[in-house]
Amino acid sequence: MKKTILLFESRDLCYESNQYFMGCLEEAFEQMGYPAEVCDLSIQMEEKLERILEKQDEYLAAVDFNSLLPRLELEDGTPYLNAFCVPFLNYLVDHPLYHHAGLKRKFSSYGVICIDLCHKRYIEKYYPHIEHVFYLPLGGMQAGLQRRFDQKRLELLFLGTYEPEEKWYRELEEYPKELREEVSALIEMMRADPELTQEAALEQYLHERGEKLCREAFAKRLNGDYLADKYLRNLRRKETALAAAKAETPFTIVGHGWESAAELNCSHITIQNGVGFAASLQLMANAKMLVNTTPGFHGGLHDRVYSAMMNHTLCFTEASQFAKQALSDGKEAVLYDISRPDALAEKIRILYERPKEIQIMTDQAFLKAKEQHTWQKRAGEIINFIGND
């Protein structure tokens, strides 16, 4: 009998999305003939981790999302992942800069999965002690209740939390002068060049100042500049929502914090509080069109894109170089230039009047997602990473 794949839940991600991902992985592994076990560490963490160590010979590998385990230690100070001698894959769903505290440590059976090729290259360059780094996007997911196009009740949908960029700006003002100037410069550089990663912006900033840092110091510095990413992702969300609103089609925005965006107080816009992950999928399945923004990814796509495809929902997403290679613009999705908001509104307005075109595109997108972007496909890749295919 095959050994079990252990699926840790060491923390809750936004809207409990990791629990949903884990459920999809558990089902996929089971279908492939690999027993899977979910270990929720939100309660009785110490006891559960001790029991896992006692029976670790039963496990083929372990997976966690944005894991806390690289930072945990036993009572004698031994890092948990040194005592846990099972191949462990930490699936990072955002930029590695947020995980510096765990990434800087070295473990013998440790690997990282990135959802962005730029993230993968960043880890390979600045954390060379991590021997196994893989690229694997999150899988697309179908809602429990599927709807025909003529049954969909939402014309245009935007999903995502919004934290006013003014909040981050106020926090930035409390920074020491040099750090404030650095973060401000990175924001300006990335605003001017949407394809510029934050690590590339910092490299350029340091070069212009004649400052050289070793790998460890650079990674720590980028971690300290996290506010640039926080500020920009929220600013771009609002700018994209405002651009989509200009199409003047019925527009539904779902996510915490949007009530603070007074500019979106329009008769054709409905704003709802955030919902759990499964409910957000159901909203997506009930929408004809979805506007997506990608939070600081340059070499990957957000799982919203793949899930929109899986739910026959037309996705509008940024025209990054990666997106241009991964998606057929006008056939599987619609790509927009974030520097031209009026063009996004025009694209939405045109397609709103052409439901037949939307149906054709979403049918093509569904077939591609079903073939390439399911969690069954992702689980197969993880088995390959483990080396037991």
Side-chain angles (χ1 to χ4, degrees), residues 66 70 92-105 112 114-130 133 135 160 162-240 293-302 317-325 337-341:
N66 285 7
L92 300 185
V93 301
D94 49 19
H95 198 292
L97 72 88
Y98 292 103
H99 305 280
H100 173 66
L103 291 173
K104 67 182 181 181
R105 309 184 74 171
V112 175
C114 299
I115 61 175
D116 182 299
L117 286 168
C118 296
H119 297 174
K120 177 177 183 290
R121 289 192 287 268
Y122 176 72
I123 291 178
E124 290 169 339
K125 181 175 181 179
Y126 288 103
Y127 301 94
H129 57 275
I130 300 178
V133 187
Y135 162 71
Y162 173 65
E163 297 178 283
E165 64 277 9
E166 294 88 354
K167 165 192 171 183
W168 302 109
Y169 187 77
R170 287 194 299 270
E171 185 174 327
L172 179 61
E173 288 185 318
E174 300 298 320
Y175 277 24
K177 182 174 182 292
E178 286 191 4
L179 182 55
R180 183 171 69 248
E181 290 177 349
E182 179 170 305
V183 172
S184 298
L186 299 185
I187 290 172
E188 289 180 11
M189 293 163 70
M190 290 187 284
R191 285 281 285 164
D193 181 2
E195 289 286 341
L196 192 66
T197 65
Q198 185 158 326
E199 57 269 28
L202 181 58
E203 288 168 355
Q204 184 177 324
Y205 177 81
L206 294 173
H207 176 74
E208 291 172 353
R209 291 166 56 90
E211 189 174 353
K212 295 183 179 180
L213 299 177
C214 65
R215 288 191 183 98
E216 295 83 359
F218 183 93
K220 183 178 180 180
R221 186 82 158 256
L222 193 73
N223 171 256
D225 290 333
Y226 77 94
L227 197 61
D229 178 71
K230 289 284 190 182
Y231 178 87
L232 280 174
R233 70 169 62 187
N234 284 283
L235 178 61
R236 285 172 175 161
R237 281 174 186 165
K238 186 173 80 170
E239 289 179 339
T240 302
T293 61
T294 304
F297 300 172
H298 297 78
L301 296 174
H302 196 281
T317 193
E318 301 98 326
S320 66
Q321 290 301 316
F322 183 91
K324 290 176 183 177
Q325 296 175 358
D337 183 347
I338 62 174
S339 65
R340 298 179 58 212

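Just the heavy atoms: all of them, side chains too, but no hydrogens, waters or symmetry mates, feed the values below.
Environment of CD in Glu178: sparse, with no more than 12 heavy atoms of neighbouring residues, nucleotides or ligands closer than 6.0 Å. Within a 6.0 Å radius of CZ in Arg215, other residues, nucleotides and ligands contribute 12 heavy atoms or fewer.
For the side chain to side chain contact (heavy atoms under 4.5 Å, CB included) test, residues two or more places apart in sequence or in another chain that qualify with Glu181 are Lys177. For Lys167, the side chain to side chain contact (heavy atoms under 4.5 Å, CB included) partners at least two apart in sequence or on another chain are Glu163, Arg170. Taking Lys212 as the reference, nothing meets the side chain to side chain contact (heavy atoms under 4.5 Å, CB included) condition, with sequence neighbours excluded.
Ring planes of Tyr127 and Tyr122: perpendicular class, angle over 60° (limits at 30 and 60°).
Residues Ile123 and Cys114 come closest through the heavy atom pair CD1-SG, 3.5 Å. When all heavy atoms of Arg191 and Pro194 are compared, the pair lying nearest together is O-CD, 4.2 Å. When all heavy atoms are compared, the tightest approach of Glu211 to Leu213 is OE2-CD2, 4.0 Å. Residues Gly300 and Thr294 share a closest heavy-atom pair of O-CG2, 4.4 Å. Minimum heavy-atom separation, Leu179 to Gly224: CD1-O, 4.3 Å. The two residues Leu172 and Ser184 have their closest heavy-atom pair at CD2-OG, 3.5 Å.
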Next item on the list: Determine, stepwise, if the pair Glu239 / Ile338 fulfils side chain to side chain contact (heavy atoms under 4.5 Å, CB included).
Entry: CA-CA 9 Å; Glu239 289 179 339; Ile338 62 174; over 6 Å; no
Next item on the list: Could you walk me through whether Arg209 and Glu182 pass the salt bridge (Lys or Arg N to Asp or Glu O under 4.0 Å) test, one step at a time?
Entry: CA-CA 11 Å; Arg209 291 166 56 90; Glu182 179 170 305; 5.6 Å; no
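Sequence neighbours left out, the pairs with a member in residues 193-229 that pass ring-ring contact (aromatic ring centres under 6.0 Å, His included) are Tyr126-Phe218. Each salt bridge (Lys or Arg N to Asp or Glu O under 4.0 Å) pair with one or both residues in residues 192-207, not counting sequence neighbours, appears once here: Lys125-Glu203. Applying the ring-ring contact (aromatic ring centres under 6.0 Å, His included) rule to pairs touching residues 168-195 yields nothing, sequence neighbours excluded.
Aromatic ring centres of His119 and Tyr135 lie farther apart than the 6.0 Å criterion allows.
Taken from CE in Met190 to CG in Leu186, the straight-line distance is 5.5 Å, to the nearest 0.5 Å. For the atom pair CG (Leu92) and CG (Leu97), the distance works out to 10.5 Å, reported to the nearest 0.5 Å. Here Phe297 contributes atom CZ and His302 contributes atom NE2; the two are 5.5 Å apart, rounded to the nearest 0.5 Å. Between Leu301 atom CG and Ile115 atom CD1 the span is 9.5 Å, to the nearest 0.5 Å. A distance of 5.5 Å separates CE of Met189 from CG of Leu196, quoted to the nearest 0.5 Å. Rounding to the nearest 0.5 Å gives a distance of 11.5 Å between CZ of Arg237 and CD of Glu165.
For the residue pair Asp94 and His99, a side-chain donor N or O sits within less than 3.5 Å of a side-chain acceptor on the partner.
Judged by distance alone, the side chain of Asp337 and the main-chain N or O of Ala319 form no donor-acceptor pair under 3.5 Å. The closest donor-acceptor contact from the side chain of Asp116 to the backbone of His95 lies at 3.5 Å or more, if one exists at all.
Residues Gln198 and Asp229 are in side-chain contact: their nearest non-hydrogen atoms beyond the backbone lie under 4.5 Å apart.
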